[in-house]
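Take a look at the structure below.
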Protein chains: 2
Amino acid sequence: MDQVNLKQLAKELNLAVSTVSRALRDSHEISPQTKERVRELAMKLGFQPNPHASSLRQNKSKTIAVIIPEIENNFFSQVINGIESVTPNKGYHVLIYLTHEDYNKERDILQLLRNGRVDGIMISVSNTTTNLDHITAWQQAGIPLVLFDRTCDELDVPNIMTNDAEMAFKATEHLLKRGCKNIAFLGMAGNLSISNRRKAGYLSALEKHKVTTPPQVIELTAKDYINRETLHAIFQQPQHPDGVFAAIEKFAVNTYEVCKELDLRIPQDVKVVSFSNLQAAALFDPALSTIIQPAYDIGREAANILFKLIEKKMLMPYEKKMILPSQLIERASTATGS
Amino acid sequence: MDQVNLKQLAKELNLAVSTVSRALRDSHEISPQTKERVRELAMKLGFQPNPHASSLRQNKSKTIAVIIPEIENNFFSQVINGIESVTPNKGYHVLIYLTHEDYNKERDILQLLRNGRVDGIMISVSNTTTNLDHITAWQQAGIPLVLFDRTCDELDVPNIMTNDAEMAFKATEHLLKRGCKNIAFLGMAGNLSISNRRKAGYLSALEKHKVTTPPQVIELTAKDYINRETLHAIFQQPQHPDGVFAAIEKFAVNTYEVCKELDLRIPQDVKVVSFSNLQAAALFDPALSTIIQPAYDIGREAANILFKLIEKKMLMPYEKKMILPSQLIERASTATGS
DNA sequence: TAATTCTTTGCAAACGATTTCGAAAAATGT
DNA sequence: ACATTTTTCGAAATCGTTTGCAAAGAATTA
């Protein structure tokens with residue numbers, strides 16, 4: 001695959017390599033006629049500058065990395081979609097890395113990228129991440145970094161998320177208004193700030209409404225079969241919850257599955273509301289009440305902020321901690337039992 | 001961000017740059033003692049070779065590109081997951097590009113990448129792609145290329161797909177066995193080989209079972225609201241289809257939506273079966289009968305084959321056209337009306 | 001006319017790693 | 001002790017692009 005390069009163009013045109021380079025970059029020190037000649041031949045031969053040579057010389061890669069826990073999740077797909085709505089216009093390329101909720105992988109990926117392969121990263125941390133050294137190290141190296149959704153309060157890094165606590169509060173309140181007395185919170189195990197925010201919203205709603213039944217915080221995992229076992233045990237008890245607020249879409253699905261197994265009717269026996277970006281939630285049996293996060297917007301804004309950092313522009317104060325509101329959609333899974 | 005480089009290591013160790021380079025690549029011409037010294041310091045300073053310099057010199061990028069029509073689709077997410085199960089072990093990085101079902105974008109992306117940025121690509125073509133020049137150009141440039149799912153029969157390129165025609169046949173036959181007399185096929189507009197294969201399976205099932213009602217091939221688009229209008233018009237007719245075979249998950253969702261609007265009961269009035277990789281299909285109202293494609297495996301195998309090409313290994317005959325079987329899961333949406 | 005700027009171009013040195021080639025040093029053989 | 005091989009390492013070229021600087025010619029000014 002013999003690529004066309006500057007030298008060949010230069011020889012063909014009887015020009016110096018530097019002249020050709022400058023002409024293609026539309027430098028003011030090249031005459032219009034020469035520019036035209038160069039551009040014509042470049043177009044004809046389909047010349048594309050070698051990105052590795054450029055990157056080496058200019059010390060910029062025109063590439064960003066997106067690091068996420070998993071990809072088989074509508075939320076993250078939509079985020080990527082949002083990111084991709086920005087990158088091509090900027091002439092940037094997007095590398096994808098999956099941590100599979102594994103701190104070690106996350107650390108290794110960040111280490112691997114600390115050599116100029118990317119100009120910046122966007123990361124949603126894994127739920128097993130407790131040590132944040134790998135992120136602070138990145139920050140100290142001065143390489144642009146943006147956190148989204150799964151952010152870290154301890155870090156002074158630009159982050160984009162949604163109003164988790166507020167929506168969790170609303171969701172819990174919604175269940176209470178629909179008559180639930182014993183609401184369970186299904187959260188991700190680990191110490192994710194996002195889980196904590198949602199849990200806090202749940203707890204404060206219970207407190208505000210002076211619920212006497214003690215809160216039930218249930219920590220689930222990334223593995224479906226384990227979650228089903230856990231939920232099975234919980235819903236077999238006579239005093240099982242009559243309301244479920246799932247902080248993660250997957251957990252709502254697990255709840256549906258277990259309720260079906262145990263012949264518990266939704267919403268008559270158990271009402272369910274969940275954070276979820278699944279479009280098909282409306283088609284569920286029964287239609288699932290959801291809190292929809294603005295995933296696409298989160299991706300787009302995160303990318304915009306990252307590019308501001310890369311271009312060394314100042315951030316507006318609101319861009320350092322951006323909160324995009326989610327939306328609660330009430331459906332049959334939380335309807336009154338009548 | 002002052003990166004550590006070979007020169008600094010060399011100076012610190014009183015060695016030549018070349019020696020340090022060789023030591024780190026475990027060359028046989030470096031003594032074990034020197035190697036140890038070098039490795040120790042490299043580890044201590046967290047040295048990571050500059051990938052652009054390496055790529056430039058070695059003319060390989062350690063990067064592959066995945067080009068897909070969209071990402072908000074469980075199938076493609078799972079494919080990416082499968083690809084990612086291979087790439088890190090190979091020390092490779094994955095760039096993602098979305099065509100949004102737009103031929104021009106697809107062509108531009110391929111053009112953009114023809115300069116050594118990637119060592120190979122995996123592509124699922126857009127449904128607006130009729131001209132295949134951009135792909136043959138790649139092929140002629142000798143750069144590794146693998147097609148998956150949305151393949152092109154006209155091209156002699158390794159491709160990985162599923163047994164579309166066979167499964168379409170089975171799905172149609174399944175509807176017939178459940179008593180459907182008037183089955184509609186919902187396919188993607190355009191001339192995708194995948195749609196054609198599925199349509200062929202549908203038609204041959206009708207033919208085998210000597211169905212007298214003429215086939216109804218309905219071409220839908222990427223836009224939900226247009227699809228709903230089209231379906232609305234069709235199902236408002238008195239002689240509307242009593243069975244629907246959706247070649248694309250999204251179209252099944254559209255069908256559900258329209259049936260709800262028109263108060264048509266599934267499966268009593270209309271039975272529905274669809275290609276779909278949505279895990280939540282079992283929770284639909286009613287549970288959707290699906291043909292599940294082995295998306296993860298398709299991604300993994302496509303990546304394996306691409307790496308064989310990159311490493312200039314010979315392909316086994318079966319690897320040039322690999323067909324991974326899908327699975328038909330019968331659920332309530334095609335149950336008998338009793 | 002001479003001195004000055006401005007425009008346009010070329011030369012050569014970077015960028016950081018890899019690799020070819022050759023030389024010195026050490027080990028081996030006769 | 002000398003010749004030969006083997007081991008170990010360094011100097012320099014190379015990948016393709018960008019860019020500081022110099023130089024030549026054209027245009028402008030004094």
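A, B, ... follow the sequence lines: proteins, then strands. Residue 1 opens every chain. The basis for the numbers below is simple: all heavy atoms, side chains too, and nothing from hydrogens, waters or symmetry mates. All of these numbers come straight from a predicted model, not from anything done at the bench.
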Test item: [X] side-chain N/O and [Y] main-chain N/O as donor-acceptor pair under 3.5 Å:
X      : Y       : answer
S55(A) : P51(A)  : yes
R37(A) : L13(A)  : yes
S61(A) : D119(A) : yes

### Message
Need one value for S21(B): base, sugar-phosphate or nothing, where a base atom within 4.0 Å counts as base even if backbone is also close, heavy atoms only.
### Response
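Touches a base.
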Rounded off to whole Å, could you give me the [atom1]-to-[atom2] distance for the [X] and [N] pair?
X      : N       : atom1 : atom2 : answer
D26(B) : dT8(D)  : CG    : P     : 13 Å
L6(A)  : dT17(D) : CG    : P     : 4 Å
L9(A)  : dG10(C) : CG    : P     : 14 Å
L24(B) : dT19(C) : CG    : C1'   : 15 Å
N50(A) : dC15(C) : CG    : P     : 18 Å
Q48(B) : dG16(C) : CD    : P     : 15 Å
N5(B)  : dA14(C) : CG    : C1'   : 13 Å
L13(B) : dT8(D)  : CG    : P     : 17 Å

#### Entry: Separation between CG of N115(B) and CD1 of I143(B), rounded to the nearest 0.5 Å
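Answer rounded to 0.5 Å: 8.5 Å.
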### Message
By nearest atom, which of the nucleotides dC15(D), dT19(C), dT19(D) is closest to the Q58(A) side chain?
### Response
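The answer is dT19(D).
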### Query
Which nucleotide sits closest to the side chain of S18(B): dG10(D), dT17(D), dG16(C)?
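Of the candidates, dG10(D) comes closest.
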### Task
Consider only side-chain N and O atoms of E106(B) and T129(B), and report whether a donor and an acceptor are under 3.5 Å apart.
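Yes, because at least one side-chain N or O of E106(B) sits under 3.5 Å from a partner of the opposite role on T129(B).
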Report, one pair per line, the protein and nucleotides 5-9 of chain C atoms (nitrogen or oxygen only) whose separation is under 3.5 Å.
residue	atom	partner	partner atom	Å
dT9(C)	OP1	T34(A)	OG1	2.7
dT9(C)	OP2	S31(A)	N	3.1
dT9(C)	OP2	S31(A)	OG	3.2
dT9(C)	OP2	T34(A)	OG1	3.0

Which donor-acceptor pairs under 3.5 Å do side chains of residues 296-304 of chain A form with protein atoms, sequence neighbours excluded?
residue	atom	partner	partner atom	Å
D297(A)	OD1	R300(A)	NH2	2.5
N304(A)	ND2	R300(A)	O	3.4

### Query
Can you check whether C152(A) reaches V157(A) side chain to side chain, under 4.5 Å on heavy atoms?
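No - every pair of side-chain heavy atoms lies 4.5 Å or more apart.
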